[in-house]
Structures are given as C-alpha cells and as structure tokens.
Amino acid sequence: MKLGKVTLLSAGPGALDLLTLRAARVLSEADVLLVDDLANPEIVTLAPQARVIAVGKRGGCRSTPQAFIERLMCRMARRGAHVVRVKGGDALMFGRAGEEMSALRRAGVPVDIVNGVSAAFAAAAGLGMSLTHRDHCAGVTFVTAHRQDGTAPNWTALAATGTTLAIYMGVQRVEGLCATLLAHLDAATPAAAVQWAGTAHERRLLTTLGCLAQDVRAGDFASPAILLVGGAVGEAALASSVDTIAIAA
Ligand code: SAH
C-alpha cells in the first residue's frame, strides 16, 4: 500500500483570507483534516472532500491527548492518507510541531510544513506597528508565559534584550509577568494586548507596562490574546488606523 503523508498546515490567526495560497491548495488535496480549536472552523469549507476530526488543545480545557493525535496521524498516513494537521497561527510557533515531527519521523511517515501568519504578526498589523521598529529595538522575541514544566521564562533576561516582547499564552498570568518585568523595565514602557487578532472579533488595548495587568482585567481580555511590550509598541498610538478600546493616561 502506498505510504501517505502528514502536512502540518498553518491556519493563520483566523480570517480565511490570511491563509496562504499553498495552504488552500493543500487543503483541497487533503484526505483527512485534524483541526486544532484555535483554527477558524470555516477552514473545512476549503477541504469539502476531507474527513474532519476535531482535536482541540486549548489551555485549561479538556483536550485530545497529544500521544493519541500522534498515533492517529501515523496510522492514517501509513494507510495511504494525506493527513493535514491544521494548527492556528503558524504551525511552528508554540504548536507542538516539534513533538509531532519527531513522532512522525520516528514512525517513518513523511511530514511537511505550510507556513502561516502567527498571532504576533496579526496583532502588530491590527495595531499598525512594526514589531522591529529600529528606532526602538534590536528585534522581537517570541516567548510563552507558560512553559511545559510549569516554570516561568527568565523575564529578567528577556527584559534586558532590548527587543519587543511578543508574549503568547500570557493573559492568565499577566499580573505575575508584569510585576517581574516592572522590576527591570520602566512603567511607562508601551504595552498592548490583542484578543482574537486577525479575526472579525479582534479587540485591542494600548497601554503601558505599569497599567497592562489592570487594563487587561478591566477590559476582560481572555484567551486567545497576545501581549506586546516594548518601545516599538508606542508607535501604534501614532497610527491613525488604531482602534484602541482603552488608552492609559
Ligand atoms: N501557533 C500559534 C500559537 C499557538 S499558542 C500562532 O502562531 O499564533 C496559543 C496562543 O497563541 C494563545 O494563548 C495566544 O496567546 C496566541 N494566539 C493564537 N491565536 C491568537 C489570536 N487570533 N489572537 C491573539 N492571540 C492569539
């Protein structure tokens, strides 16, 4: 029997027109879709011939065990199916793609990747700012506030990088991470939160690091939301397209 394959496909932040043309083509060729719950459910309309299996993994909610997903992908690909594993944002950003690729390679199943727009980029576009504005920073750091082993990232070291911090999975821990960053960064450092970036439900908050935790709670920002911290975020206020729902004094 012909060996199938697995494609880890990036669904982008939500809007279907932020999918790449390659993603649309691969979806049209898929036999099976395994869909992450951050992906827009309408993505299945681009794969009308495919069998669809939902495999959500949202933090704090009941989710499909990772080992089960990996076994399922291997089994179906070995039976000849083109399995498309749909992940929100870019598949290579905090999406367990590393674990899945290792498992597939160990099983001898071919795997490829289709890139997409990660949440930090969609949030920056919504705010009308560059993540790497050269007047303010030397680059951007993508970091999760929630590590697999339960430990926090080294905020002290991160604050010292002089980069824009794009913090994934941070809203639930916003008080703690702001308190730590405030030990190293000025309270007036520009900061933003964007919920459902790149979708019709996008909500933006532009504030300062000193007020970020309080404003996130007051604005009821919840997952999925991304936090951006750093001088470059201050440029967002200058963009006429910015639709802030709160601006700290
Ligand atoms: N692979 C995804 C990230 C998965 S981790 C990507 O590249 O975007 C899940 C975290 O990503 C969420 O907790 C949130 O911090 C962020 N996220 C994902 N989609 C988002 C969206 N549409 N708006 C804001 N944040 C989002």
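Atoms within a ligand are numbered from 1 in the order they appear, just like the ligands themselves. The structure presented is a predicted model; accordingly, all values stated were derived computationally and were not measured.
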Where A107 and C74 come nearest, the two heavy atoms and their spacing
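Minimum heavy-atom separation between A107 and C74: CB-SG, 3.6 Å.
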Just by distance, with hydrogens left out, do E29 and H82 show a side-chain donor and acceptor under 3.5 Å apart?
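Checked: E29/H82 side chains show no N/O donor-acceptor pair below 3.5 Å.
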So, E175 versus Q214: side-chain donor-acceptor pair below 3.5 Å or not?
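Not at all, the side chains of E175 and Q214 share no donor-acceptor pair under 3.5 Å.
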Single hit among V194, L165, V216 for side chain to side chain contact (heavy atoms under 4.5 Å, CB included) with L227:
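That would be V216.
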N/O to N/O below 3.5 Å, does that happen between [X] and ligand 1?
X    : answer
Q195 : no
G89  : no
G95  : no
F94  : no
A91  : no

Closest non-hydrogen protein atom to [atom], residue and atom name please, with distance?
atom                    : result
atom 3 (C) of ligand 1  : M93 O, 3.4 Å
atom 21 (C) of ligand 1 : A197 N, 3.5 Å
atom 11 (O) of ligand 1 : Y168 CD2, 3.3 Å
atom 14 (C) of ligand 1 : A225 O, 3.3 Å
atom 9 (C) of ligand 1  : L38 CD1, 3.6 Å
atom 7 (O) of ligand 1  : S118 OG, 2.6 Å
atom 10 (C) of ligand 1 : M169 CG, 3.8 Å
atom 8 (O) of ligand 1  : A119 N, 2.9 Å

Roughly how far, to the nearest 0.5 Å, is the CG atom of L8 from the CG atom of L92?
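Rounded to the nearest 0.5 Å, the CG-CG separation comes to 7.5 Å.
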Would you mind listing the cluster partners of L9? Hydrophobic ones only (ILVMFWY), side-chain contacts under 4.5 Å, chaining allowed.
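Same cluster as L9: L16, L19, V26, L27, L33, V35, I43, V44, L46, V52, V84, V86, V114.
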Once the angle between the rings of W196 and H201 is folded into 0 to 90°, is it parallel (under 30°), tilted (30 to 60°) or perpendicular (over 60°)?
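Plane angle over 60°, so perpendicular.
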Under 4.0 Å to a heavy atom of [X] - the qualifying atoms of ligand 1, by number:
X    : value
V194 : 24 (C)
D90  : 1 (N), 6 (C), 7 (O)
P13  : 22 (N)
G88  : 1 (N), 2 (C), 6 (C)

Can you establish whether the number of heavy atoms outside R217 located under 6.0 Å from its atom CZ is more than 12?
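Buried by this count: over 12 neighbours within 6.0 Å.
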Which pairs pass side-chain hydrogen bond (donor to acceptor under 3.5 Å, both in side chains) with one or both residues in residues 111-124, sequence neighbours excluded?
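Sorted pair list: K5-D112, T7-D112, D90-N115, S118-Y168.
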Does any N or O in the side chain of T164 come within less than 3.5 Å of the main-chain N or O of L131, such that one atom is a donor and the other an acceptor?
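Yes, T164 side chain to L131 backbone: donor-acceptor pair under 3.5 Å.
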Between the side chains of E100 and K87, is the shortest nitrogen-to-carboxylate-oxygen separation below 4.0 Å, so that they form an ion pair?
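Result for this pair is yes, salt bridge flagged.
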For ligand 1, the portion of A123 having any non-hydrogen atom under 4.0 Å away:
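Near ligand 1, A123 shows nothing, with every heavy atom at 4.0 Å or more.
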